[in-house]
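Everything numeric here is computed off the predicted structure, so don't read it as measured data.
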Amino acid sequence: MHIGARQRSPITALVVGLAGLSMLAGYLQKARCAGAPFDGVGRSLIFDRIKDTQVCYSDIQFLWLGRDVNLHVFPYVTGGINADGILTGGTVEYPVLSGVLMWLGGIGSHTDADFLLHSALILAPFGLLTAWMLGRLAGWWALLWSATPPLVLYAFHNWELPVVATSVAAIFVMTLERVPLRGRAVLAAVLLAVGFCLKVYPGAFVLPLIAYVLTRNGIAGRRYDVRGAVMVAVAAITTVVAVNLPFALISYSGWRASFTFQENRQADLTTNSIWYWGLRPLFGPVADDVPLPAYDQTVSLLSPLLVCAAFAIALRLGWLRFQRDGVYPWIAVSAAMLCGFLLLHKVHSPQYTLWLIPFFVLLRVPWGLVAAYLVADLSMGIGVFKYFGALAAQTDASTFEVLVKFGVWGRAGLLVVLFFVFLRAAQRHPPVRGRTGPESGRRPVLKSPEPVR
C-alpha cells in the first residue's frame, strides 16, 4: 500500500533525526584526532600518534596539508602534477566540485581541527537531505542509511555525502509524478552530472536512465522515445562541460592533474582492493615499497576493461528484463553497475560503502545480504586502520590482517551476489507514473522479480 505523505512524515523525521545523531557521533569520533597542541603549520600533534590505532583517521584532516588547503589556494587554477606524481599549486585528486568544497572548508581555517569542523558543517546538510529523501521514498528502510555504522564511520572521512545526495536526488525527482517524464529525466541527468563532477561514479547512471527514457512506451508499442533519450544525454554532457570548462580554460594542466593522479595511482596496500590482495602475490613476495611495473601495468589495463565489461553486462541484463517486464529497471541497473565498479576498480576505499547504502534502502535486497555486507564493511572499516597502526608500530599485525582480508574478500563475494540480486530486485518506493500520454500505457513496475502472468 502506498504510504501517504502525512503518514510518512513522522518516519521521515525520525530518519533525519537519527542521521543527525549518527553524523554527530561520527564527527566526535574523528575529532579525537584533532586539537591542540598544533605544530607550526596547524597540524594536530596527536594526529600521527593515534589516527590509526584509535580509528579516528580522516582524509579531511590528513589533506589539510599537501594540497595547499592550509594556504587557502583556490584549486586547479595554478597547480599541476610533477614528474614524481605529486600534486602542486592547490590541485587536488578529486573532480572540480569536490575541490571547491575542500577550498570552502579551508576558508577561515587555521588548523586541521578547524578544517575538520568547517568541512563537517558543509557536508552534514547533504547527509540530512539524503536521509529526508530516502525517508520519503522508502519509509522505515531509510534507517539503513541513518542508523547503521557506515554513516558514523565515514560521514566525515572524505567528501562523500554531497555525491551520494546527488545520486539519491536523481532518483527522487524521477518520482515526481506531476512533472512530465522528459522533464524529470533531464533534471535527474543534470543531478547525476553534478555527481560526476564530485566523485565521477554517478555519471555511469546516466546510461540506464537514457535506456529507461528511450523505452518508456514499453515493449508492446515498439516505439522508442529517441528524442527524450537524446535530451537526457545532452543535459548530462552539457552540465559536465559547463562545470569543468572554466577550470580547463584557466589552467588545463591544473584541471587535468586530478585525472592524471588517479590514472597513475597504484593498487597498493592502501587501496583495499582485490587486485592487491589477490593479483599482486602472483608477481612475487616483495616489499611494499619495491616497484612492480608489470603488476601496475596489468592492473591499469585489466581494471578499466573489466569495469566497462561489468557495465555492459548490467545494461544488457536490464534490457532483457525490459523485454520480459515492459519496464527498463534503471535504478536496479545503476546499483549493479556500482557493484561492478566497487569490485573491479583498483581502489576500494572504506567510505565507498556510503555509495551503496541507498540502493539497499531503495531496492528489495534480502536482509541477510544487507547484514552480511555491513559486517564485512565493519571488519574493513576498523581492521584496516588497526592494521596500519600495528605495521607502523612494528607490532604483531596478524589479527588485523585477518580482519582486512575478511573485509576485502567478504565485500568482493557479496558484491558479485549483489550484482545479480540488484538486477532482479523490485523497488520499494511507488512506481514512477507520468500524467498522461504514451507513458501511461506501459505495464506497471513489478512488486516482485516474477514475470507478469
Worked check of side chain to side chain contact (heavy atoms under 4.5 Å, CB included) between L101 and L198
CA-CA 9 Å; L101 288 177; L198 285 161; 3.9 Å; yes

Going through the distances and angles, do W159 and L63 end up as a side chain to side chain contact (heavy atoms under 4.5 Å, CB included)?
CA-CA 11 Å; W159 291 265; L63 291 177; 4.0 Å; yes

Could you walk me through whether L362 and L137 pass side chain to side chain contact (heavy atoms under 4.5 Å, CB included), step by step?
CA-CA 7 Å; L362 296 172; L137 290 171; 3.8 Å; yes

Mind running side chain to side chain contact (heavy atoms under 4.5 Å, CB included) on L301 and Q297 for me, showing each step along the way?
CA-CA 6 Å; L301 175 64; Q297 292 169 7; over 6 Å; no

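The closest side-chain donor-acceptor pair between Y387 and D52, if any, does not fall under 3.5 angstrom. Between the side chains of D377 and Y154, at least one donor N or O lies within less than 3.5 Å of an accepting N or O. S109 and H118 are linked by a side-chain donor-acceptor pair at a separation below 3.5 angstrom, with hydrogens and angles left out of the test. Under the 3.5 Å distance criterion, with hydrogens and angles disregarded, a donor-acceptor pair is assigned to the side chains of S44 and D112.
Under the rule for a ring pair (Phe, Tyr, Trp, His ring centres under 6.0 Å), the partners of F247 that lie at least two apart in sequence or sit in another chain are Y76.
The aromatic rings of Y352 and H348 lie parallel to each other, with less than 30° between the two planes, well short of the 60° mark. The aromatic rings of F360 and Y373 stand perpendicular to each other, their planes meeting at an angle above 60°, with 30° marking the opposite boundary. The aromatic rings of F322 and Y328 sit tilted relative to each other, their planes meeting at an angle between 30° and 60°.
Residues V375 and F406 are in side-chain contact: their nearest non-hydrogen atoms beyond the backbone lie under 4.5 Å apart. Looking only at side-chain heavy atoms (C-beta outward), F38 and L45 stay at 4.5 Å or farther from each other. Proximity of C197 to N244: side-chain heavy atoms (C-beta onward) are separated by under 4.5 Å at one or more points. By the 4.5 Å heavy-atom criterion applied to side chains, I86 and I81 are not counted as neighbours. T271 is not listed as a side-chain neighbour of K346, based on a closest heavy-atom distance of 4.5 Å or more. A 4.5 Å side-chain heavy-atom check between P208 and M337 finds at least one atom pair inside the cut-off. Side-chain contact between F419 and L338: absent, with no pair of heavy atoms (C-beta onward) separated by less than 4.5 Å. Contact annotation: the side chain of V164 never approaches that of K199 to less than 4.5 Å [non-hydrogen atoms, C-beta and beyond].
Of the charged side-chain nitrogens involved, none lies within less than 4.0 Å of a carboxylate oxygen, so that E401 and K386 do not count as a salt-bridged pair.
Checked by atom type and distance alone, the side chain of Q262 pairs as donor or acceptor with a backbone atom of E93 at under 3.5 Å. With hydrogens and angles disregarded, a donor-acceptor distance shorter than 3.5 Å links the side chain of H72 to the backbone of G106. No side-chain donor-acceptor contact under 3.5 Å links S167 to the backbone of P202. In this structure, the side chain of S22 engages the main chain of S146 through a donor-acceptor pair within 3.5 Å. A donor-acceptor pair under 3.5 Å links the side-chain atoms of R321 to the main chain of L423, judged by distance alone. Side-chain atoms of R280 do not come within 3.5 Å of backbone N or O of W275 as any donor-acceptor pair. Looking at S98, its side chain never comes within 3.5 Å of a backbone N or O of Y94 through a donor-acceptor pair. Side-chain N or O atoms of S303 include none that pairs as donor or acceptor with a backbone N or O of S300 at under 3.5 Å. Although no hydrogens or angles enter the test, the distance criterion places no donor-acceptor pair under 3.5 Å between the side chain of S258 and the main chain of P95. At distances below 3.5 Å, not a single donor-acceptor pair connects side-chain atoms of E160 with backbone N or O atoms of A155.
Across A204 and F311, no two heavy atoms sit closer than the pair CB-CE2, 3.8 Å. The minimum heavy-atom distance between L415 and L343, with the atom names listed, is CD1-N, 3.8 Å. Closest of all the heavy-atom pairs between A267 and V299 is CB-CG1, 4.0 Å. The two residues P350 and V384 come nearest to each other via the heavy atoms CG-CG1, 4.4 Å. Minimum heavy-atom separation, A34 to L116: CB-CD2, 4.3 Å. The two residues A310 and L344 make their nearest non-hydrogen contact at CB-CD1, 4.1 Å.
A distance of 14.0 Å separates CZ of F156 from CG of D59, quoted to the nearest 0.5 Å. Within the model, atoms CG of L209 and CZ of R184 stand 10.5 Å from one another, a figure rounded to the nearest 0.5 Å. Distance OG/S273 to CD/Q266: 11.5 Å, rounded to 0.5 Å. The distance from the CG atom of L104 to the CZ atom of F74 is 8.0 Å, given to the nearest 0.5 Å. In this structure, CZ on F196 lies 11.0 Å from CG on L97, to the nearest 0.5 angstrom. Interatomic distance, S398 OG to L403 CG, rounded to the nearest 0.5 Å: 10.0 Å.
Seen from the ring of F62, K51 does not count as a face-on cation partner, given the 6.0 Å and 45° thresholds. In this structure, R43 is positioned above the aromatic face of F47, its NZ or CZ under 6.0 Å from the six-membered ring centre and within 45° of the axis.
For F359 and W355, the ring centers are positioned 6.0 Å apart or more. In summary, the aromatic rings of H157 and Y57 are positioned with their centroids under 6.0 Å apart. Between W145 and W132, the gap from one ring centroid to the other reaches at least 6.0 Å.
Atom CD of Q394 has 12 or fewer neighbouring heavy atoms from other residues, nucleotides or ligands inside a 6.0 Å radius.
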